[in-house]
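Okay, structure first, notes after.
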2 protein chains.
Amino acid sequence: MATVHQEESIALLKAHGLSVTGGRKDILVIFLSRKGALAHADIEKKLGARYDRVTIYRTLQSFVDKGLIHSIPTNDNSIRYALCKDECASGHHHDHHVHFVCKRCDNTYCLDSVATPSIKLPKGYSINQVEMVVSGQCPSCQ
Amino acid sequence: MATVHQEESIALLKAHGLSVTGGRKDILVIFLSRKGALAHADIEKKLGARYDRVTIYRTLQSFVDKGLIHSIPTNDNSIRYALCKDECASGHHHDHHVHFVCKRCDNTYCLDSVATPSIKLPKGYSINQVEMVVSGQCPSCQ
DNA sequence: GTTGTCTTGCAACCATGTTGCTTTTTTGTA
DNA sequence: TACAAAAAAGCAACATGGTTGCAAGACAAC
């Protein structure tokens with residue numbers, strides 16, 4: 001399992017034009033082996049003291065820049081990231097997204113399969129992007 | 001105009017069971033005289049050095065607790081607040097909200113008039129609350 | 001292998017937010 | 001109006017989240 005993610009992460013890095021380094025592999029493996037979204041702090045915890053805090057920030061930033069992951073709006077003051085699905089990675093716009101935050105386990109899931117419904121705004125507003133944050137209880141917490 | 005907001009803010013504070021103090025009045029007047037959502041930093045800037053930073057934090061927190069304002073999820077890492085409309089204040093749940101962030105002027109508007117469309121999630125998810133963050137250009141920036 | 005480029009680690013810094021404690025202001029009541 | 005209890009403000013210190021500059025190390029391509 002771990003080996004699979006290891007190889008997958010190397011492939012993903014190369015495919016996105018990023019050099020393959022220990023830190024990037026390890027961080028990407030964490031994303032691959034966990035479905036929920038992650039904040040910087042989560043990653044730092046999982047990695048232990050293996051990498052510098054700054055390295056993790058810069059790695060996440062490079063992943064966002066290259067379209068490997070995307071950031072999720074939250075109500076608290078920390079940025080969360082989730083893996084982009086293939087459609088995102090292959091250059092599609094991030095013009096809509098549905099995220100689910102479980103109030104019990106506090107995990108965040110990126111529901112790519114769910115289409116954002118269309119919405120009518122008052123006159124004068126033009127829409128670029130729609131983000132939906134749904135909260136409630138996830139299947140494992142019912 | 002300023003006097004009107006002044007009086008309105010006193011009434012609002014009393015109605016929500018908050019003691020009327022200089023800081024709370026001033027902060028509430030800022031919210032009343034500005035339609036967009038505000039972050040702590042915005043308020044601090046508008047107030048000058050009149051109040052301690054901590055006082056502003058605690059004031060905002062008490063407003064949230066009493067249902068005078070609500071926080072808005074953002075993609076950067078700062079919490080924004082907007083005034084609750086009457087319906088919120090009078091005890092209704094904050095179970096849905098549509099916010100609009102203008103990419104040009106960076107203002108955030110709380111579009112109370114817009115209903116959040118219904119959404120179908122995969123099996124097993126139960127919904128408590130839906131937040132929508134729409135970004136694009138606001139009427140004044142078209 | 002060697003060279004140039006990209007990444008890492010370190011130190012220092014800034015912004016945002018919180019906590020504990022003391023002093024001051026409000027509020028309700030006598 | 002004065003007074004006591006309760007609440008809020010100010011101050012200091014701390015915690016967390018995130019950024020920048022620079023030197024040293026790792027990677028990639030030839």
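No experiment lies behind these values; they were computed from the predicted model shown.
Nucleotides of DNA chain C nearest to A:V54 and A:L18 differ in position, and the one nearer the 5' end is that of A:L18. Mapping A:K14 and A:A41 onto DNA chain D by nearest heavy atom places A:A41 closer to the 5' end of the strand. In terms of position along DNA chain D, the nucleotide closest to B:S19 lies nearer the 5' end than the nucleotide closest to the other residue of the pair B:S19 and B:Y51.
Residue A:T55 places no side-chain N or O under 4.0 Å from the OP1 or OP2 atom of C:dT7. The phosphate of C:dG9 has neither OP1 nor OP2 within less than 4.0 Å of any side-chain N or O from A:R53. Residue B:T21 has no polar side-chain atom (N or O) positioned under 4.0 Å from OP1 or OP2 of C:dT25. Remark: B:Y57 is in phosphate contact with C:dG17, judged by side-chain N or O atoms under 4.0 Å from OP1 or OP2.
Whole-Å rounding puts the A:D42 CG to D:dT16 P distance at 14 Å. Rounded to whole Å, atom P of C:dT7 lies 16 Å from atom CD1 of A:I56. Counting to the nearest Å, the P atom of D:dG17 and the CD1 atom of A:I43 are 12 Å from each other. To the nearest angstrom, C1' of C:dT8 lies 12 Å from CD1 of A:I27. Atoms CZ (B:R50) and C1' (D:dG10) sit 16 Å apart, rounded to a whole Å. Per the geometry, CG belonging to A:D26 stands 16 Å off P belonging to C:dT7, to the nearest Å. When the P atom of D:dA7 is taken as reference, atom CG of B:D65 falls 14 Å away, rounded to whole Å. Between B:L60 atom CG and D:dA9 atom P there is a gap of 11 Å when expressed in whole angstrom units.
Nucleic acid contact class of A:S62 (heavy atoms, under 4.0 Å, all strands): none. Residue contacts for B:R58: at a heavy-atom cut-off of 4.0 Å it reaches a base atom on one of the strands shown.
No side-chain donor-acceptor contact under 3.5 Å links B:S126 and A:Q137.
The structure places CE of B:M132 at 6.0 Å from OG1 of A:T116, a figure rounded to the nearest 0.5 Å. Atom CG in A:D52 sits 8.0 Å away from atom CZ in A:R58 (nearest 0.5 Å).
The two residues A:G124 and B:Q142 have their closest heavy-atom pair at O-NE2, 2.7 Å.
In summary, the aromatic rings of B:Y81 and B:H70 are positioned with their centroids too far apart to meet the 6.0 Å limit.
With D:dG18, C:dG17, C:dT8 as the candidates, the nucleotide lying closest to the side chain of B:I79 is C:dG17.
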